[in-house]
Amino acid sequence: MRYLLLVLAFLVSCSTQALQPQPDNLFPRVKFTTSAGDIVVELNRSRAPLTVENFLTYVQSGSYNETIFHRIIPGFVVQGGGYDVEFNERTMFKPIPNESGNGLLNQYGTIAMARMSEPHSATRQFYFNVNDNESLNPSSRRWGYTVFGSVVEGMEVLEQMATVETRIHEQTGWPDVPKQPPVLLKVELLPAS
């Protein structure tokens, strides 16, 4: 019941935002132009409708442009979308309901929403799985992390990013921060095919 109330609250908040692009396209594609190369991702609106709408809201506003991939763990994840090149946090919309029970798994080449320990706390940060990460999937005892699409072009770019040298960031104290973070120059919705 609580989940349904969260979904309803989210839908009401979305009704005040601009209409989403390509509303009849269940599998919109977005292109990530990064300092390491291009990545094309096919989103899955049929399995993760709230997450895809949230993600596309950030894309359409240009809010992901000129952000960094601030957390990279080889053989695990490449995470970004939340900070600019000076590690200033970007503006966040309201948290969204967790859709991790949608049947999509945290497998190699998928994109998912990052969140805090509270299951319904995802806002704008996302990560790419560069391995099959079963520990991030839901189980009968815990919420997982919502997968909402998969890479269809440019997996070699992600593999390259996953090998950059990382360190503990002096300003934040975070581990696994690239010494020279790859930059997400632009994310754009591709025309429907």
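As the structure is a computational prediction, the values presented were derived from the model and not from experiment.
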Hydrophobic clusters here meaning ILVMFWY residues chained together by side-chain heavy-atom distances under 4.5 Å, can you tell me if [X] and [Y] are in one?
X      : Y      : value
Phe55  : Met92  : yes
Val77  : Leu104 : no
Tyr108 : Met113 : yes
Ile111 : Val151 : yes
Ile68  : Leu185 : yes

Nearest-0.5 Å distance, [atom1] of residue [X] to [atom2] of residue [Y]:
X      : Y      : atom1 : atom2 : answer
Met116 : Glu118 : CE    : CD    : 10.5 Å
His169 : Lys179 : NE2   : NZ    : 12.5 Å
Tyr145 : Asn137 : OH    : CG    : 11.5 Å
Asn65  : Leu184 : CG    : CG    : 7.0 Å
Gln125 : Thr67  : CD    : OG1   : 9.5 Å
Glu156 : Asp38  : CD    : CG    : 9.5 Å

Query raised in the report: Is there side-chain contact between Pro182 and Val78, with heavy atoms separated by less than 4.5 Å?
Result: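 No; the side chains remain at least 4.5 Å from each other.
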
Query raised in the report: Hey, are the side chains of Lys94 and Thr123 touching, using non-hydrogen atoms and a 4.5 Å cut-off?
Result: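 Counting from C-beta outward, Lys94 and Thr123 never come under 4.5 Å.
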
**Report entry** Glu134 atom CD: more than 12 heavy-atom contacts under 6.0 Å
**Finding:**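 No, because the 6.0 Å sphere around CD of Glu134 holds 12 heavy atoms or fewer from other groups.
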
If I compare all heavy atoms of [X] with all of [Y], which pair ends up nearest, and what's the gap?
X      : Y      : answer
Ala122 : Ala114 : CB-O, 3.4 Å
Pro119 : Arg115 : O-CD, 3.4 Å
Leu189 : Val59  : N-CG1, 4.1 Å
Asn129 : Asn133 : OD1-ND2, 2.7 Å
Leu136 : Asn106 : O-ND2, 3.2 Å
Pro178 : Val164 : CB-CG2, 3.9 Å

Exam field: side chain [X] to backbone [Y], donor-acceptor pair closer than 3.5 Å:
X      : Y      : answer
Thr146 : Ser100 : yes
Glu99  : Thr51  : yes
Thr110 : Val147 : no
Arg45  : Glu53  : no
Asn88  : Tyr83  : no

Requested in this report: Determine, using ring centers only, whether Tyr127 and Phe76 are less than 6.0 Å apart.
Outcome: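 No, too far apart.
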
Query raised in the report: Are the ring centres of Phe148 and Phe126 closer than 6.0 Å?
Result: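 No.
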
Show me, pair by pair, the donor-acceptor contacts under 3.5 angstrom made by side chains of residues 23-37, not counting sequence neighbours?
unit_1: Asn25; atom_1: OD1; unit_2: Phe27; atom_2: N; d: 3.0
unit_1: Asn25; atom_1: ND2; unit_2: Gln22; atom_2: OE1; d: 2.8
unit_1: Arg29; atom_1: NE; unit_2: Glu42; atom_2: OE2; d: 3.2
unit_1: Arg29; atom_1: NH2; unit_2: Glu42; atom_2: OE2; d: 3.2
unit_1: Thr34; atom_1: OG1; unit_2: Ala36; atom_2: N; d: 3.0
unit_1: Thr34; atom_1: OG1; unit_2: Gly37; atom_2: N; d: 3.0
unit_1: Thr34; atom_1: OG1; unit_2: Gly37; atom_2: O; d: 2.6
unit_1: Ser35; atom_1: OG; unit_2: Val183; atom_2: N; d: 2.9

**Report entry** Evaluation steps, side-chain contact (heavy atoms from CB on, under 4.5 Å), between Ile39 and Met161
**Finding:** CA-CA 11 Å; Ile39 302 163; Met161 282 198 281; 3.8 Å; yes

Query raised in the report: Going through the checks in order, is the side-chain contact (heavy atoms from CB on, under 4.5 Å) test met by Asp84 and Arg90?
Result: CA-CA 7 Å; Asp84 68 18; Arg90 286 287 180 96; 3.9 Å; yes

Query raised in the report: Step by step, would you call Trp174 with Arg71 a side-chain contact (heavy atoms from CB on, under 4.5 Å)?
Result: CA-CA 9 Å; Trp174 300 333; Arg71 180 176 180 239; over 6 Å; no

Query raised in the report: Mind checking whether Tyr58 and Tyr64 have parallel, tilted or perpendicular rings, split at 30° and 60°?
Result: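 Aromatic pair Tyr58/Tyr64 classed tilted.
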
Query raised in the report: Angle class for the Phe128/Phe69 ring planes (parallel below 30°, perpendicular above 60°, tilted otherwise)?
Result: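 If you compare the ring of Phe128 with that of Phe69, the planes turn out tilted.
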
Query raised in the report: So, Arg124 versus Ser63: side-chain donor-acceptor pair below 3.5 Å or not?
Result: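 There is such a pair (donor and acceptor under 3.5 Å, judged by atom type) between the side chains of Arg124 and Ser63.
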
Report task. Scan side-chain atoms only and decide if Asn44 and Ser46 contain a donor-acceptor pair under the 3.5 Å cut-off. Result ->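 There is such a pair (donor and acceptor under 3.5 Å, judged by atom type) between the side chains of Asn44 and Ser46.
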
